[in-house]
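These numbers come from a predicted model, not from an experiment. The basis for the numbers below is simple: all heavy atoms, side chains too, and nothing from hydrogens, waters or symmetry mates.
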Amino acid sequence: MEDMNNNNNKEEDEIEFEENEVIFLNPADAIEVEVDDDIPMEDDEEETTQQQQQQEQQQQSIPSKSLEIVDMSLESISCHKGSSVYTIAAHLDQQSSSLSFVSGGGDDKAFLHILNTTTATTNQQQQQQSSHTIPLEHPHTDSVSCVAMNTKYVSKDLKKTPNYLAVGSYDGTIALYDPISGTKIQILDGPTDVEFLSFHPKGGSVLLAGSIADATVWMYHLPTSKCLQVFVGHECNSEGGGVTTGSFTPDGKFAVTAGMDGTLRLWAPRTGLCKHVFKLAVTNDDGGAGNSNGGGLTCLSMNGGQDGQLAICGGEDGNAYVVHLQGKKLVATLNHFDVSQTATNNNNHTNSTFTDDGMDVDNDEIIITSVEALGFATKEVNANWVASGGSDGILKVWDLTNGVGQCRQTCTVPSAHTDSSGGITHLTWHPTMPIIFVSYADGIVRLWDARDGTIVHSLSGGTPSADNQINDFATEFRGLENGSAGVADVVTANDDGMVKVYSVDVQAVLLEAAAKVNTTTLVS
């Protein structure tokens, strides 16, 4: 492996992006930045009366399983005709309030949707919508597995940084479209079984695509339709798993990928050389640095910590691994799966026995509870906070102050309100508030307050949970001016073939939640 201290490698590791030039890491200026430890931990000990108040608040904020599940969506789109919808991507035009989103599914098709929403008031009254759906024309021969839009990265000069909508499929093709009209631009030959797509943050004219089959990662320059690089190094495991997720670093200097081989890899975009390998979900016998029993990496989040250099990966072994990219070191191993806690709080209410290596053994069936969703809070919320969600249905909020991961909150859906919430499939933080949007296998998006671990709101789609797992969702925010929590537009990709659009006035929800707490305090 090449030495990062060799200044002669700087030019060959860089990519030129015309006016949006990517400036790669200068090794001579590189310093290791400690995670800020000035933000103290809040006291996690709750008084008995406060716990009762939180429980009463949750009783009022989530739908009861004894009641009919209400469809709270503004729009329900059935273009996939019953086939599972696997992936979604969205962009909100703040000036026109036009919400554009693309969906892809098991019917081998992708669709572009445009929803125009006019909000007359700031409360949760019914809104007026006008929407239309555009079929994207390329005839894929296998499931559409991933979609992406580069709109938030483009410059004002669209000739140099054009708008793209990218659709990846397990048939090995990547189709590019105009995200406004849906017009097909070009078709790229991609890696076998395209698993993820990610645009470069500087202009959005470079695209990263990874394969779940052959473990390669391809990088394209879209204006010239050229494949700039193929990153080779991840290994396929015994079951054939390859690369599961990847992205460019927020500053655009490196590409980062995670795979079923249990490693996180840092790549130089120009040369294709691997600059570092983090052996995370790898056993000690194979050179792993943690306490893993092996297994693949499932999800990735970056831009954590005060310096933005923290990344976190979720594993099939039930752990989440925090690394410092610039320092090339493992910062913390977060044990999301807790055997004793899961045995007590498991939402499935089954008579299960848990082994020491984090597995649920029920009637001789072994179920590994993996980490499926991760996300760092923004710097406006708290740069040291990160959330993890597992297939066990548990959400945990961690504090990385002092470089040590301490669990602040363990959030489980109360059993009185659901037979089983199922696993967590995706999560995202509110950009300015300590609120986490979390999607579940029961088809509900729940909003959690990271400060006290309570549910402040839920979004249900009205379909029985067995048919309505949310496979993916996208969230766009508006009205964040003057310290307001604004409005969140949430688009979900559902297993029943539906695409659902919700709108929630987060500011009103928080005010209502605070009023309930105050009322409960006065009564008690």
Side-chain angles (χ1 to χ4, degrees), residues 73 75-91 99-115 131-151 163-199 204 207-213 218 220 222 243-247 299 372-373 425-426 428 439 443 461 468-476 489-501:
S73 64
E75 198 86 9
S76 296
I77 304 171
S78 58
C79 56
H80 290 276
K81 300 186 183 303
S83 296
S84 296
V85 186
Y86 295 135
T87 180
I88 206 90
H91 174 74
L99 181 67
S100 300
F101 51 101
V102 58
S103 61
D107 56 353
D108 308 345
K109 299 181 184 299
F111 296 87
L112 172 64
H113 317 271
I114 300 176
L115 175 66
S131 64
H132 65 280
T133 295
I134 303 171
L136 300 180
E137 64 181 81
H138 182 70
H140 289 287
T141 59
D142 206 338
S143 297
V144 172
S145 53
C146 48
V147 293
M149 306 173 78
N150 76 339
T151 310
N163 276 321
Y164 291 108
L165 183 165
V167 176
S169 170
Y170 284 155
D171 65 8
T173 62
I174 301 169
L176 299 177
Y177 300 89
D178 184 305
I180 298 176
S181 66
T183 303
K184 184 168 65 175
I185 299 174
Q186 60 182 311
I187 303 298
L188 303 173
D189 289 330
T192 305
D193 291 352
V194 181
E195 179 70 8
F196 72 86
L197 296 170
S198 180
F199 283 100
L207 179 68
L208 200 66
S211 169
I212 191 63
W218 296 31
Y220 305 87
L222 300 183
V243 182
T244 55
T245 182
S247 180
C299 48
E372 296 293 329
T425 59
H426 193 74
T428 188
S439 63
N468 199 29
Q469 172 172 303
I470 298 176
N471 296 313
D472 193 11
F473 81 91
T475 308
E476 293 289 307
D489 296 313
V490 181
V491 187
T492 64
N494 294 54
D495 222 23
D496 63 354
M498 301 297 291
V499 176
K500 297 267 186 179
V501 183

> Test your reading of the model: is there a side-chain donor-acceptor pair from Ser169 to the backbone of Asp142, 3.5 Å cut-off?
yes

> Test your reading of the model: is there a side-chain donor-acceptor pair from Ser73 to the backbone of Gly461, 3.5 Å cut-off?
no

> Do Ser145 and Asp193 have side-chain heavy atoms sitting under 4.5 Å apart?
no

> Does Asn163 use its side chain to pair, donor to acceptor, with the backbone of Pro179 at less than 3.5 Å?
no

> Looking at Asn494 and Gln469, would you say the former's side chain and the latter's main chain have a donor-acceptor pair under 3.5 Å?
no

> Please determine, by modelled atom types, if Ser211 and Thr192 share a side-chain donor-acceptor pair under 3.5 angstrom.
no

> Atom NZ of Lys184 and atom CD of Glu137: how far apart are they, to the nearest 0.5 Å?
4.5 Å

> Stepwise, does the side chain to side chain contact (heavy atoms under 4.5 Å, CB included) test hold for Val147 with Leu165?
CA-CA 7 Å; Val147 293; Leu165 183 165; 5.5 Å; no

> Where do Val167 and Ala110 come nearest, in terms of heavy atoms and distance?
CG1-CB, 3.9 Å

> Closest approach of Val144 and Tyr86, non-hydrogen atoms and distance?
O-CD1, 3.8 Å

> Going by side chain to side chain donor-acceptor pair (under 3.5 Å), name the residues that satisfy it together with Ser103, two or more places apart in sequence or in a different chain.
His80, His113

> Below 4.5 Å, heavy atoms only, C-beta onward: do Thr244 and Ile212 meet side chain to side chain?
yes

> Val499 versus Val491: any side-chain heavy-atom pair under 4.5 Å?
yes

> The test is side chain to side chain contact (heavy atoms under 4.5 Å, CB included); show your working for Asp489 and Val501 and say whether it passes.
CA-CA 7 Å; Asp489 296 313; Val501 183; 5.6 Å; no

> Looking at CG of Leu197 and OH of Tyr220, how far apart are the two atoms once the value is rounded to the nearest 0.5 Å?
9.0 Å

> Does any N or O in the side chain of Asn468 come within less than 3.5 Å of the main-chain N or O of Asp496, such that one atom is a donor and the other an acceptor?
no

> What distance separates Gln186 CD from Leu176 CG, expressed to the nearest 0.5 Å?
4.5 Å

> Determine, step by step, whether Leu188 and Leu222 satisfy the side chain to side chain contact (heavy atoms under 4.5 Å, CB included) criterion, reporting the C-alpha distance in whole Å, the side-chain angles of both residues, the deciding distance to 0.1 Å, and the verdict.
CA-CA 9 Å; Leu188 303 173; Leu222 300 183; 3.7 Å; yes

> At their closest point, which heavy atom of Ala90 faces which heavy atom of Ala474, and how far apart are they?
CB-CB, 3.8 Å

> Would a distance-only check, ignoring hydrogens and angles, find a side-chain to backbone donor-acceptor pair under 3.5 Å from Thr425 to Ile470?
yes

> Taking all atoms of both residues into account, what is the closest heavy-atom pair of Gly182 and Tyr177, and its distance?
O-CD2, 3.4 Å

> Residues in ring pair (Phe, Tyr, Trp, His ring centres under 6.0 Å) with Phe473, at least two apart?
His426

> Quick one: does Asp108's side chain get under 4.5 Å of Ser143's, heavy atoms only?
yes

> Take Glu75 and Leu115 through the test side chain to side chain contact (heavy atoms under 4.5 Å, CB included) and record every step on the way to the result.
CA-CA 9 Å; Glu75 198 86 9; Leu115 175 66; 4.1 Å; yes

> Give, for atom CG of Asn471 and atom CD1 of Ile88, the distance between the pair rounded to the nearest 0.5 Å.
10.5 Å

> Starting at SG of Cys79, measure out to CE of Met498 and round the result to the nearest 0.5 Å.
8.5 Å

> Considering non-hydrogen atoms only, spot the tightest contact between Ile187 and Ala175 and give its length.
CD1-CB, 3.5 Å

> Name all residues meeting the side-chain contact (heavy atoms from CB on, under 4.5 Å) criterion together with Thr245; count only those two or more places apart in sequence or in a different chain, and write none if there are none.
Ala258, Leu300

> In terms of ring plane angle, is the pair His140 and His138 parallel, tilted or perpendicular, where the classes change at 30° and 60°?
perpendicular

> What are the two closest non-hydrogen atoms of Leu112 and Ser181, and how far apart are they?
CD2-C, 4.3 Å

> Does Asp472 use its side chain to pair, donor to acceptor, with the backbone of Ala493 at less than 3.5 Å?
no

